[in-house]
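A quick write-up on the structure given underneath.
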Amino acid sequence: MKVATWNVNSIRARLTHVLDWLALHRPDVLCLQETKVADAEFPYEPFQSAGYHVTHVGQKAYNGVAAITRAPAANAVTAPAGLDGEQKRALALTVGGVRVVNVYVPNGERVGSDKYELKLKWFAALRRYVSAELERHPLLTVVGDFNVAPEDRDVHDPRLWQNQVLFSAPERAALRTLLDIGLVDVFRRFEQPPGSYTWWDYRQGAFRRNLGLRIDHILCSQPLAGHCRACFVDKTPRGLERPSDHAPVLAEFRFEAG
DNA sequence: ATGGTGGCGCGGCCA
């Protein structure tokens with residue numbers, strides 16, 4: 001089973017990139033963030049033609065999350081408790097026996113701003129929601145754009161980024177609370193190239209210079225993490241014409257028979 | 001340099 005996450009920064013602007021990537025990797029579930037469309041404007045048809053089902057919760061111009069699944073999803077929740085505000089940033093569903101929570105955590109603007117405080121509150125609500133989900137679903141993954149780099153090695157220049165939004169200590173502590181309740185960052189279960197990032201600013205040739213941060217994650221419950229056989233960032237789409245500023249992250253799981 | 005690039009949607013917000 002393959003699970004992927006990708007902040008596409010507009011599904012309409014990135015439709016060809018996403019369809020090409022889907023055809024190449026054939027994930028069982030691809031979670032998207034920043035679709036930037038209301039539900040009625042989502043381009044369902046091309047995904048259905050590719051043999052996929054779409055669960056989407058979005059709004060005009062901002063935010064929006066989707067799960068693209070090979071099998072029909074079960075028990076989809078598009079307004080998770082505590083994460084159900086005007087901003088469409090979370091959904092949950094079950095596919096292939098795995099509970100998948102797809103999140104687009106608020107960016108936080110800058111340390112100390114109102115949006116920063118909202119981001120920390122959002123993390124607290126996410127922790128509460130995931131704790132409840134874990135009790136019902138031992139095989140659970142929380143994926144998406146968390147807008148936080150966990151460690152020094154996830155930032156091209158940790159000294160430059162210390163106390164900055166996306167890497168401040170309170171944000172990292174908030175992300176860590178998800179690990180404290182039992183989730184595992186499966187990316188670090190495997191050997192990775194140094195300088196592995198998932199987001200590069202559009203400005204000043206950041207991608208070409210690999211000035212990035214690892215802020216998109218696949219966090220798994222311990223029972224599910226035990227089945228994880230690979231996890232990697234695919235930088236390829238970030239190098240295409242008119243790319244998203246994020247690259248997709250993909251994890252592969254094996255469930256032995258019997 | 002309080003900049004810079006990009007999406008949405010057509011001025012300014014958001015990232």
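All of these numbers come straight from a predicted model, not from anything done at the bench. First the proteins, then the strands, lettered A, B, ... as listed; each starts at 1.
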What integer distance in Å separates [X]:[atom1] from [N]:[atom2]?
X: A:Phe207; N: B:dA15; atom1: CZ; atom2: C1'; value: 19 Å
X: A:Gln59; N: B:dA15; atom1: CD; atom2: C1'; value: 14 Å
X: A:Glu109; N: B:dT2; atom1: CD; atom2: C1'; value: 13 Å
X: A:Gln87; N: B:dA15; atom1: CD; atom2: C1'; value: 12 Å
X: A:Glu41; N: B:dG7; atom1: CD; atom2: P; value: 19 Å
X: A:Trp122; N: B:dA15; atom1: CH2; atom2: P; value: 13 Å
X: A:Glu34; N: B:dC13; atom1: CD; atom2: C1'; value: 13 Å
X: A:Lys60; N: B:dG11; atom1: NZ; atom2: P; value: 13 Å

Kindly state each residue pair satisfying salt bridge (Lys or Arg N to Asp or Glu O under 4.0 Å) with at least one member in [range], sequence neighbours excluded.
range: residues 212-227 of chain A; value: A:Asp154-A:Arg214, A:Asp185-A:Arg214
range: residues 219-248 of chain A; value: A:Arg229-A:Glu256
range: residues 67-79 of chain A; value: none

*Excluding sequence neighbours, so at least two apart, what forms side chain to side chain contact (heavy atoms under 4.5 Å, CB included) with A:Pro106?*
A:Arg89, A:Leu118, A:Lys119, A:Trp122
_Let me spell it out: for each of A:Ala13 and A:Asn7, pick the nucleotide of DNA chain B with the closest heavy atom. Which residue's pick is nearer the 5' end?_
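Checking each residue's closest nucleotide, the 5'-ward one belongs to A:Ala13.
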*Phosphate-side-chain proximity, A:Lys115 and B:dC14, N/O vs OP1/OP2 below 4.0 Å*: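 The answer is yes; a side-chain N or O of A:Lys115 sits under 4.0 Å from OP1 or OP2.
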*asked:* At less than 4.0 Å, is any side-chain N or O atom of A:Arg89 found next to OP1 or OP2 of B:dA15? Yes or no.
replied: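 Yes.
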*Would you indicate what A:Tyr104 reaches in the nucleic acid, counting non-hydrogen atoms under 4.0 angstrom: base, sugar-phosphate, or nothing?*
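Sugar-phosphate, backbone atoms only, no base.
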*Looking for any heavy atom pair under 4.0 Å, which part of the strands does A:Arg238 touch: base, sugar-phosphate only, or nothing?*
nothing
Say you pick atom [atom1] in [N] and the same atom in [M]; how far apart are they, in whole Å?
N: B:dC14; M: B:dG9; atom1: C1'; value: 13 Å
N: B:dG12; M: B:dG3; atom1: P; value: 15 Å
N: B:dA15; M: B:dG4; atom1: C1'; value: 13 Å

*Within the distance-only criterion (no hydrogens, no angle test), does the side chain of A:Gln33 pair as donor or acceptor with the backbone N or O of A:Asn7 below 3.5 angstrom?*
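Yes, the answer is positive, given that a donor and an acceptor are paired below the 3.5 Å cut-off.
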Which atoms of nucleotides 3-6 of chain B (N or O only) lie under 3.5 Å from a protein N or O atom, and what are those distances?
from  : atom 1 : to       : atom 2 : distance (Å)
B:dG4 : N7     : A:Arg203 : NH1    : 3.1

_Contacts of type side chain to side chain donor-acceptor pair (under 3.5 Å), residue A:Arg12, not counting sequence neighbours_ =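 Residues passing side chain to side chain donor-acceptor pair (under 3.5 Å) with A:Arg12: none at all.
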*Do you know the tightest heavy-atom contact between A:Val249 and A:Cys231?*
CG1-SG, 4.0 Å
*Where the side chain of A:Tyr62 is concerned, which of B:dC14, B:dC8, B:dA15 is the nearest nucleotide?*
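Between B:dC14, B:dC8, B:dA15, the one nearest the side chain of A:Tyr62 would be B:dC14.
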